[in-house]
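Remarks on the structure that follows.
Quick note: numbers below take in every heavy atom, side chains included, and nothing from hydrogens, waters or symmetry partners. Throughout, a chain's letter reflects where its sequence line sits, starting with A, and its residues are numbered from 1. Just so it is clear, the structure is predicted and the values come from calculations on it, not from any experiment.
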Protein chains: 2
Amino acid sequence: MILKKKKDKIPERTITRLPIYYNFLLEIQKNDIRMISSQEMARKVGIKASQFRKDLSYFGEFGTQGLGYSVEHLIEKIGGILHLNYRHNAVIVGVGNLGTALMNYPHFGEWGFHIVRAYDLDTSKVGRKIGYTTVKDIRELPRDIMIPLGIIAVPPSSAQEVANLLVASGVRGILNFTGSRIEVPNGVVVRSVDLTYELAVLNYYLSHFVPSGDSKKR
Amino acid sequence: MILKKKKDKIPERTITRLPIYYNFLLEIQKNDIRMISSQEMARKVGIKASQFRKDLSYFGEFGTQGLGYSVEHLIEKIGGILHLNYRHNAVIVGVGNLGTALMNYPHFGEWGFHIVRAYDLDTSKVGRKIGYTTVKDIRELPRDIMIPLGIIAVPPSSAQEVANLLVASGVRGILNFTGSRIEVPNGVVVRSVDLTYELAVLNYYLSHFVPSGDSKKR
DNA sequence: TTAAATTTGTTAAAATTTTCACTATTCGAG
DNA sequence: CTCGAATAGTGAAAATTTTAACAAATTTAA
Ligand SMILES: NC(=O)c1ccc[n+]([C@@H]2O[C@H](COP(=O)([O-])OP(=O)(O)OC[C@H]3O[C@@H](n4cnc5c(N)ncnc54)[C@H](O)[C@@H]3O)[C@@H](O)[C@H]2O)c1
Ligand SMILES: NC(=O)c1ccc[n+]([C@@H]2O[C@H](COP(=O)([O-])OP(=O)(O)OC[C@H]3O[C@@H](n4cnc5c(N)ncnc54)[C@H](O)[C@@H]3O)[C@@H](O)[C@H]2O)c1
């Protein structure tokens with residue numbers, strides 16, 4: 001072998017599929033399934049087998065020809081790629097409907113994520129214990145430090161302001177639920193989720209329904 | 001002109017950007033901005049101007065050369081494309097952390113979405129009024145009918161079972177929060193959102209941070 | 001009225017992502 | 001040990017999506 005393939009750019013879509021694979025593998029592992037082929041994997045998660053293999057190929061060779069993939073081994077490898085074998089602390093800002101739901105969700109820890117701080121502007125919420133953490137006043141955020149992940153669950157009008165605070169306090173990755181775009185300095189990663197948008201997209205496909213062909217699944 | 005462009009296939013990514021445009025337009029309309037150019041639009045939502053124009057071009061011509069787009073007109077047009085000018089009723093199944101957050105969210109109505117039913121297995125939750133609706137027993141779902149949108153917010157292990165129920169009751173589009181893939185008959189549209197996956201993807205980019213180049217925004 | 005400045009809609013090129021098709025490897029049966 | 005079946009990894013083709021570039025339209029300034 002001449003040279004191991006160097007880190008070519010990996011498609012973003014590949015990255016977004018990794019958690020899907022990971023989750024599915026965890027699930028079948030619970031059912032004591034030890035091996036799985038790309039064929040079966042693909043069928044179960046609703047993609048093409050070649051896509052699954054191609055996705056993995058960006059990171060190395062994890063299977064055995066003729067046999068398939070060891071579920072345990074693959075979980076370890078994909079987990080490693082996603083760095084799920086480390087603990088990742090997160091701050092949440094905005095302990096409203098959504099923020100509370102996130103704080104109460106008990107399964108983030110299984111993926112290595114831990115909400116260790118929560119802040120709100122509303123003093124009536126300060127001091128409340130939700131999930132594992134007690135809500136603090138937003139004004140204390142600048143003093144607290146060095147948590148890599150931030151979750152923004154405040155009203156859209158405060159999104160940018162909160163993002164600035166988080167970045168200033170050292171947050172390096174932000175999950176933004178507000179639907180508003182936030183500007184961040186170079187080097188800070190933002191991902192946005194908006195549940196209203198998802199409904200709207202769903203609704204589009206519903207309204208423009210074409211009876212023939214496959215429906216979108218997952 | 002020989003023939004008006006017929007309904008070519010529209011990129012899915014285009015559809016997912018439409019709600020972003022729509023939301024931003026609503027926002028600037030509140031600030032009494034009447035016109036906007038693709039340049040400015042693009043800068044504000046973090047895309048290229050040519051992409052914005054291309055996206056719109058799939059649906060018609062909505063701007064005025066030399067001037068830009070009328071905010072009001074564009075809102076109406078994009079709203080029309082997404083069918084937001086109609087009322088869309090939705091059912092939610094699983095009134096836990098997330099389901100409750102969704103039911104309490106007061107702004108879905110502004111986009112034409114209305115959660116008109118909510119079901120849970122847990123009888124201690126049945127009868128509770130959350131947001132505008134009262135939680136009903138899941139066993140009543142088969143009797144209730146003809147709501148086009150369904151939201152699944154039950155544990156992953158029940159996802160498929162609930163999907164089957166929803167489809168049987170006439171639901172045509174499903175927003176699935178469980179992270180489990182669900183199989184649906186042809187003609188039913190599914191969109192999935194998993195907050196854990198989003199964190200995992202964010203975390204990937206954080207861990208594989210490349211200091212040079214743009215960061216991902218929005 | 002004319003010229004300069006904007007800005008759209010669109011065509012074509014570039015970039016990205018998915019799918020195909022084939023080779024090589026491995027297992028297990030005979 | 002040899003053969004056949006199953007299946008991974010991969011290079012190339014195909015499909016999709018983004019970006020660039022420019023002609024046509026419109027406004028504004030002179
Ligand atoms: N809940 C949903 O189903 C849903 C759906 C779509 C979008 N969203 C979006 O998600 C975000 C959160 O939604 P929600 O329903 O939890 O809202 P919410 O109003 O229930 O909660 C917002 C919380 O943020 C706090 N807050 C406001 N400004 C703050 C600031 N500057 N610093 C710290 N805390 C501040 C408020 O006190 C409140 O507790 C919003 O942007 C909303 O538009 C929510
Ligand atoms: N809350 C979060 O932050 C979060 C994060 C990631 C993923 N999720 C996923 O979203 C989904 C909902 O999460 P949650 O935190 O609201 O869960 P939850 O446990 O708080 O609520 C689930 C609700 O569904 C009900 N239920 C269970 N089986 C049912 C059935 N067959 N029919 C009707 N109702 C049934 C339960 O009684 C409960 O009220 C889960 O699949 C979860 O994995 C949630």
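Spacing between atom CZ of B:Phe62 and atom P of C:dT8 amounts to 14 Å, rounded to whole angstrom units. Distance B:Met41 CE to C:dG9 P: 13 Å, rounded to the nearest Å. As rounded to whole Å, 10 Å separates atom C1' of D:dA8 from atom CG of A:Leu56. In this structure, A:Leu74 atom CG and D:dA8 atom C1' are separated by 12 Å, rounded to whole Å. Atom CZ of A:Phe59 is separated from atom C1' of D:dT10 by 16 Å (rounded to the nearest Å). Between the P atom of D:dT18 and the CD1 atom of B:Ile10 lies a distance of 13 Å, rounded to the nearest Å. Regarding B:Ile15, its CD1 atom lies at a distance of 10 Å from the P atom of D:dT17, rounded to whole Å. Computed from coordinates, the A:Lys77 NZ to D:dG9 P distance equals 12 Å when rounded to whole Å.
Taking 4.0 angstrom as the limit, B:Ser38 places a side-chain polar atom (N or O) nearer than this to OP1 or OP2 of C:dT8.
A:Arg117 meets the side chain to side chain contact (heavy atoms under 4.5 Å, CB included) test with A:Val91, A:Tyr119, A:Lys136, A:Asp144, A:Ile147; sequence neighbours excluded. Taking the side chain to side chain contact (heavy atoms under 4.5 Å, CB included) definition, one finds that B:Ala168 meets it with nothing, sequence neighbours left out. Evaluation of the side chain to side chain contact (heavy atoms under 4.5 Å, CB included) rule for A:Pro11 yields A:Thr14, A:Tyr58 as partners, not counting sequence neighbours. Residues passing the salt bridge (charged side-chain N to carboxylate O under 4.0 Å, His left out) test with A:Asp120: none are found, sequence neighbours excluded. Applying the side chain to side chain contact (heavy atoms under 4.5 Å, CB included) criterion to B:Phe108, with sequence neighbours excluded, gives A:Thr196, A:Leu199, B:Leu102, B:Tyr105, B:Phe113, B:Ile115. Qualifying salt bridge (charged side-chain N to carboxylate O under 4.0 Å, His left out) partners for B:Glu198, counting only residues two or more places apart in sequence or in other chains: A:Arg191.
The ring-ring contact (aromatic ring centres under 6.0 Å, His included) contacts involving residues 23-53 of chain A comprise A:Tyr21-A:Phe52, A:Phe52-A:Tyr69, where partners must be two or more places apart or lie in separate chains. Applying the side chain to side chain donor-acceptor pair (under 3.5 Å) test to pairs two or more places apart or on separate chains, those with a residue in residues 150-163 of chain B are B:Gln160-B:Asn164.
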Check: protein-nucleotides 26-30 of chain D nitrogen or oxygen pairs below 3.5 Å:
from	atom 1	to	atom 2	distance (Å)
D:dT26	O4'	B:Gln65	O	3.3

Can you give me the N/O atom pairs linking the protein to nucleotides 18-22 of chain C at distances under 3.5 Å, or say none if there are none?
from	atom 1	to	atom 2	distance (Å)
C:dT18	OP1	A:Arg17	NH1	2.9
C:dT18	OP1	A:Gln51	NE2	3.4
C:dT18	OP2	A:Arg17	NH2	2.7
C:dT18	OP2	A:Gln51	NE2	3.3
C:dT18	O5'	A:Gln51	NE2	3.1
C:dA21	N6	A:Arg53	NH2	3.4

Side-chain donor-acceptor pairs under 3.5 Å in residues 29-49 of chain A, sequence neighbours left out?
from	atom 1	to	atom 2	distance (Å)
A:Ser37	OG	A:Glu40	N	3.2
A:Ser38	OG	A:Arg53	NH1	3.1

**Request:** Test side-chain hydrogen bond (donor to acceptor under 3.5 Å, both in side chains) on A:His88 and B:Asn203 and set out the steps.
**Result:** CA-CA 8 Å; A:His88 298 283; B:Asn203 189 55; 3.2 Å; yes
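Taken over five-pair windows at either terminus, the axes of the helix from C:dT1-D:dA30 to C:dG30-D:dC1 are inclined to one another by 10° (rounded to 10 degrees).
Between A:Tyr197 and B:Trp111, the ring planes are tilted. Angles from 30° to 60° get that label.
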